[in-house]
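Shown below is the structure under consideration.
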Amino acid sequence: MSSEKKDTKENIKVTAASEKPAEKSENGKAVKEKPAKEKPVKEKPVKEKPAKEKPVKEKPVKEKPVKKKKRNRDKELTIILSAILAALTIAGLILFFIMPDPYAGIPEQEEVSDLPTQEPEVPEPETDPVPIPVQPAISYPAPAYDFTEENVYVEIPGIDHEYTIAWVSDVHMITDFTAGDVGEASLETVRNRYETLSITPDGVHGRELWPMIIDYLNYNDFDAVIFGGDIIDYCSTSNMEALKRGFDRLKYPSDRILYIRADHDYGTWYSDGSTGFDDLKCAELHTALDGDDNTCKYIDFGDLIIAGVNLSTSAPGEDQIEVLTGLYGRGVPVIAATHVPYFSMVDPSLEELSMLVRNRKYYWNPGGDSYGIDENTRKILDLVYAEDSECRLVLAGHLHAAWEGEINFGLRQHIFSPAFSGVIGVVHVVPEGSAP
Ligand SMILES: [Fe+2]
């Protein structure tokens, strides 16, 4: 590049030197050639070049107003935007203070609603193989009364474990001491029964014994509990309320409690017909107690059935016959539960005991005066006495004396002592060959 610059300077010098000799050698002709002097005029534009640069300097001057305009516009925009923001802020504040609180009135439930958000932790126990629910341990106090246990054993083929079943009958509880559901004229009779019938040998009356019977049942662990009739001495509001207080304290589920009634559980004999308490009111109280459904008087263990007969002091109804026929037809071992015992075809000791204790045949028997077998009772007895019957044992009360023996070849019956003597029955259903 430097060599090129030198060349240009030399060219300029060369050109200037070459023009001068041309003016001296051609003087006359040179006048005509004066217009050649106009060449400097052509060089003037060269001097004007700086003038062209001036507008360049002026350009920044022109640009200044443009920036000012933009700044002005920006200021206007910022002012407008700030105004809009201010307006929106004011509007928001107004709405905040004017609008009602959507959560007003349910502040406490909001805390509860937070709990389900913590429930996803629940699946964790599902992954655990043995989720054990925490349940408070319930301890039942030992009964204050020292009951005598009347144990009964029965071996049943096919049973692979023992069932223990409690039996309570003939408490004959009395709680009325003033006229009410009991008529004034019957009060003396009721008080006499209270002192002579509903009382243990050591002087504990039935109304005091009943709560302790419940304590005994709760203190022990039975597979089922059977109330075999005559739990109260007669039906009244007071006796039924005392009965219900005991039932309400039982720890056993309803499908493990069997209450078969007898004549004393339903009897309203002492109302004298003048107290307003009648059989209808009695039935209502029994229904309120446990439903008292004739078609539900049984306990089903699956491999063992306890088949009860309600109000066995009278002829059974068709509804019970139908249910019992179905139960005995399942091909499952059956234990019969009845308040009134059945006669023995093979053991005369039952008649002897009954005559001694009651001075009559106090059980269902052919040709009997008080418990002669009627048509419907015969249908039930046929289920029990049949050679191929599933019945393995008969449980009864009513006699107020204990007896056990065969009533048919191979079929045994146990009549329990009354609970008012301080006795509670315990039935042990055991596998074949394991009875003591
Ligand atoms: Fe009785």
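Remember, it's 1-based here, ligands and their atoms both numbered in the order they're listed. A quick note: this is a predicted structure, and the numbers were derived from the prediction, not measured.
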Subject >> Results of side-chain contact (heavy atoms from CB on, under 4.5 Å) for Glu318 - residues two or more places apart only >> reply: Ile321, Asn376, Lys379
Subject >> Distance flag, aromatic centroids of Trp364 and Tyr342, threshold under 6.0 Å >> reply: no
Subject >> For the Fe ion (ligand 1), the closest N/O/S atom belonging to His400 >> reply: NE2
Original post:
Which single N/O/S atom of His172 lies at minimum distance from the Fe ion (ligand 1)?
Top reply: NE2
**OP:** May I ask you to check if any N/O/S atom from His339 comes under 2.8 Å of the Fe ion (ligand 1)?
**Re:** no
**OP:** Check all N, O or S atoms of Asp170 and name the one closest to the Fe ion (ligand 1).
**Re:** OD1
Original post:
With sequence neighbours excluded, what pairs up with Thr175 under the side-chain contact (heavy atoms from CB on, under 4.5 Å) test?
Top reply: Met173, Arg207, Ser238, Asn239, Ala242
Original post:
For the Fe ion (ligand 1), which N, O or S atom of Asp230 is at the shortest distance?
Top reply: OD2
Subject >> Pair His339 + His264: ring centers closer than 6.0 Å >> reply: no
Original post:
Is there a donor in the side chain of Ser236 and an acceptor in the side chain of Asp176, or the other way round, less than 3.5 Å apart?
Top reply: yes
